[in-house]
Amino acid sequence: MPPKAKPRVVYWFRTDLRLHDSPALAAALELKPSVLYPIWTWDPHYVYRARVGPNRWKFLLDCQSDLSTSITELNPKSKLFLIREAPQTLFPKLFKEWKITHLVFEKDTDAYARDRDAEVMQIAKDAGVQVIVKMGRTLYDPDALVQHNHGKPTMSMSQVQAAGKQIGDIARPIPAPTSLPDPGETTLSFAQEKPGPEPDINAIQRDGNEASYSSLAGPNGDFAVPTMEELGLKEATTLHRGGETIALDMLSAIIKNESYTATFEKPKTAPTAFSPQATTLLSPHMHFGSLSCREFYWRVQDVVDAYKKAGKHASEPPTSLTGQLLFRDMYFGAQAKLGYAFGQTYGNPQCRFIPWHLPSEIDTATGLITGRYLTDNATAESYFLRWKEGRTGFPWIDALMRQLRLEGWIHHLGRHAVASFLTRGGCYVDWERGAEVFEEWLIDHEAACNIGNWQWLSCTAFFSQFYRVYSPVAFPAKWDKEGAFVRRYVPELARFDKKYIYEPWKAPIADQKAWGCVIRGDGVKSEEGEYRVYPKPMFDFATQREVCIQGLKNAYKVGLHGNDAKVLDGTWRKLFDDEAEGPTEGNDGPPGAMVEHEDADGHEEVEHVAPPTPKKGKGKTGHKREKIQGTLDRLVTRKKAKT
DNA sequence: ATGTGGGTTGGCTTT
DNA sequence: AAAAGCCAACCCACA
């Protein structure tokens, strides 16, 4: 037997942009490598296929820069090597060129990541490269949670806690390495394979030329972290900054405040608080792995234990700080089992079917949503756009949506408020539309958590008390009587009396003028003469709340889930009578709630983006919804006419 | 089996 | 001023 060659290791950073508490990195170092290449591959899935706004891009680049600096501090010859090619095409060439013996990375149970990693592992096997995968992204391995939950997705906290108990203790954090091996030669003599940019879902995030794949090692040939300009991205507007250094400082500051750490109760933190906000703001660091969730867990738990030992009362999961991590694990466990289906209603056995407005288009070949949607109703489309753009006429909702777009982060209860408003407690728009907006704008967007929370708030999974609706007036007033939050993010209302801050349309015209802002229109115009303009509310909330509750009640009674045969083939329409909200018109239709494509039986084809032409009633049912909508429209019109 | 109590985070009225 | 009760009623675990 020839002497075994010393390991030449590629450490592939993905969801773990840190040096502290990385089980995978520790495993790489245990190999005692002769060379270690810390690399990042530029995945076209992220560049072109996922929705990523400039703020999250910026946070990612921050994390990469900080990590690269930290690596160089441990070994001046090393850094984070960014290689601009898809991992699936890069690795076969890279393994050969750099004579790699081992590939090490952290486990990722996201639906796409599983496909990608399976492919990469096969590539490595073919190349004779040994692969080491370690779990470090969640408290528990999501697959283990599923296994200990009788093979089922984790859909409640009690399931997570029961499964976790069986799995055993949560691993203690591993110290950061104190040294790193040299990288080897970094010559790249092979040709770069550029991925096709189509479809490029992120074109709208750029105002310059996208140059991710200009060359393998970047414009200066030094594998450096790109700039926003280089990627052609629009300027980031958030002040939240990424990187492990900042994350660890933030964590230290939090646990230094022992009573805050030990008595934290999420439902009691104010969603209206800003500078400083009421929660930790560590979620984006969890997402990019610039902070380990286990590091967070144990640093907090140690404070809690000491607090209890001193005889003081500490909070408990699920409302405590560590409880927040258990929710995260719950959503990862659900996603781990359900895969792509978790992110959509269609084909999802856990997700209730509700005939929402603006449903997703389904690719019947794959059963997956395409990213486009059916504009079944022009009013709902306008509700959706006004919600997204922060001009609903409800200051609480608009302030949150503007904060979200500007800063990429809003408080958890703020997310509840806008999500409830868009779906079951206001607009009756599909939760998948809202999830897409959050995916685009949140700097802490975590697919599993985002999807799970949207299902929760839309009462399609995890939660079902749909009659508990968040009021855009009463709810914020509970936290912020003065309306400071609204004044900060909706500055046109800054001078309004607190009596009207959440319902400015009720202020007398003379007062509106005295306060420098008149309430009229739909929010497209921001000024009129000498006055600023803030829109009228886009509907009567109490009326719309009732419409939604009745719609949900009816859909619950019908009792379909995303994998029901009737949902898959479109015959669900037969089960929804006049009382239903949503695009239920007619008894026949294509799968899910999608639009007809190839049916030749006289159905009209409907464009996905253009406002729909209201269909004339052909079937015996399906008109009540339009009637409800009509009633609502008339109601708003009448109100407009009066003032 | 049918009932009961709990479910991270509702709103409104009464006590 | 805080807390309890009602609203109209969901699912689920457990007895």
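Just so we're on the same page: letters track the sequence lines, and every chain starts at 1.
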*Summarise protein proximity over nucleotides 9-15 of chain B in one line of letters, 5' to 3': B for base, S for sugar-phosphate only, - for none, counting protein heavy atoms closer than 4.0 Å.*
BBSS---
When rounded to the nearest Å, what value does the distance between [atom1] atoms of [N] and [M] take?
N       : M      : atom1 : answer
dG5(B)  : dG5(C) : P     : 13 Å
dT2(B)  : dA8(C) : P     : 27 Å
dA4(C)  : dG6(B) : P     : 14 Å
dC7(C)  : dG7(B) : P     : 22 Å
dT4(B)  : dC6(C) : P     : 16 Å
dC14(C) : dT8(B) : P     : 14 Å

*Report yes or no: is the cationic atom of Arg352(A) (NZ for Lys, CZ for Arg) closer than 6.0 Å to the six-membered ring centre of Tyr556(A), at no more than 45° off its axis?*
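The answer is yes, since Arg352(A) meets both limits relative to Tyr556(A).
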*Validate the cation-pi geometry between Lys312(A) and Tyr307(A): distance from NZ or CZ to the six-membered ring centre under 6.0 Å, angle to the ring axis within 45°.*
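Because its charged atom sits under 6.0 Å from the ring centre and within 45° of the axis, Lys312(A) does stack over Tyr307(A).
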*Do the two ring centres, one from Phe59(A) and one from His285(A), sit under 6.0 Å apart?*
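Ring-ring flag for Phe59(A)/His285(A): true, centres closer than 6.0 Å.
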*asked:* In this structure, is the centre-to-centre distance between the rings of Phe394(A) and Phe421(A) below 6.0 Å?
replied: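 Yes, the ring of Phe421(A) comes within the 6.0 Å limit of the ring of Phe394(A), centre to centre.
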_For a 4.0 angstrom threshold against heavy atoms of chain A, report the outermost contacting nucleotides of DNA chain C in 5' to 3' order._
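Listed 5' to 3', the contact boundaries are dA9(C) to dA13(C).
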Do you see a donor-acceptor pair shorter than 3.5 Å between the side chains of [X] and [Y]?
X         : Y         : answer
His357(A) : Asp376(A) : yes
Thr392(A) : Asp398(A) : yes
Gln455(A) : Tyr331(A) : no

*What is the minimum heavy-atom distance between Ala336(A) and Val146(A), and which atoms define it?*
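Looking at all heavy atoms of both residues, the shortest contact is CB-CG2, 4.3 Å.
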*Could you tell me which non-hydrogen atom of Tyr467(A) sits nearest to which non-hydrogen atom of Ile549(A), and how far apart they are?*
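The answer is CA-CD1, 4.1 Å.
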*asked:* Donor-acceptor pair, distance only, cut-off 3.5 Å: does the side chain of Arg172(A) make one with the backbone of Trp298(A)?
replied: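 Not a single qualifying donor-acceptor pair exists.
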_Side-chain donor or acceptor of Glu265(A) paired with backbone N/O of Pro267(A) under 3.5 Å_ =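 It does not hold such a pair.
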*Describe, in one word, how the ring planes of Trp387(A) and Phe438(A) are oriented to each other, choosing from parallel (under 30°), tilted (30 to 60°) and perpendicular (over 60°).*
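Because their plane-to-plane angle is under 30°, the rings of Trp387(A) and Phe438(A) count as parallel.
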Would you indicate what [X] reaches in the nucleic acid, counting non-hydrogen atoms under 4.0 angstrom: base, sugar-phosphate, or nothing?
X         : result
Arg415(A) : nothing
Glu265(A) : nothing
Glu316(A) : nothing

_Expected output is a numbered-order residue list: members of residues 272-280 of chain A with a heavy atom under 4.0 Å from any atom of DNA chain B. What is it?_
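Result for residues 272-280 of chain A: none.
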*Return the residues of residues 141-149 of chain A meeting this criterion: a heavy atom under 4.0 Å from some atom of DNA chain B. Order them by number, or give none.*
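Residues of residues 141-149 of chain A under 4.0 Å from DNA chain B: none.
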*ring pair (Phe, Tyr, Trp, His ring centres under 6.0 Å) partner of Phe485(A), the single match among Phe475(A), Tyr502(A), Trp396(A), Trp479(A)*: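 Considering Phe475(A), Tyr502(A), Trp396(A), Trp479(A), a ring pair (Phe, Tyr, Trp, His ring centres under 6.0 Å) with Phe485(A) is found only for Trp396(A).
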*Among Lys107(A), His148(A), Lys337(A), find the one that has a side-chain hydrogen bond (donor to acceptor under 3.5 Å, both in side chains) with Asp143(A).*
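Among the candidates, only Lys107(A) passes.
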_Interatomic distance, Leu325(A) CG vs dT8(B) P [rounded to whole Å]_ =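 That distance rounds to 16 Å.
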_Gln301(A): side-chain hydrogen bond (donor to acceptor under 3.5 Å, both in side chains) partners, not counting sequence neighbours_ =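 In terms of side-chain hydrogen bond (donor to acceptor under 3.5 Å, both in side chains), with neighbours along the sequence ignored, Gln301(A) is linked to Asp305(A).
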_Among Leu552(A), Asp430(A), Val429(A), Thr423(A), exactly one meets side-chain contact (heavy atoms from CB on, under 4.5 Å) together with Ser458(A). Which residue is that?_
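That would be Thr423(A).
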*According to the Watson-Crick and G-U wobble definition with distances under 3.5 Å, which dot-bracket string, read 5' to 3', encodes DNA chain C, using [ ] for crossing pairs and | for pairs with another strand?*
.||||||..||||||
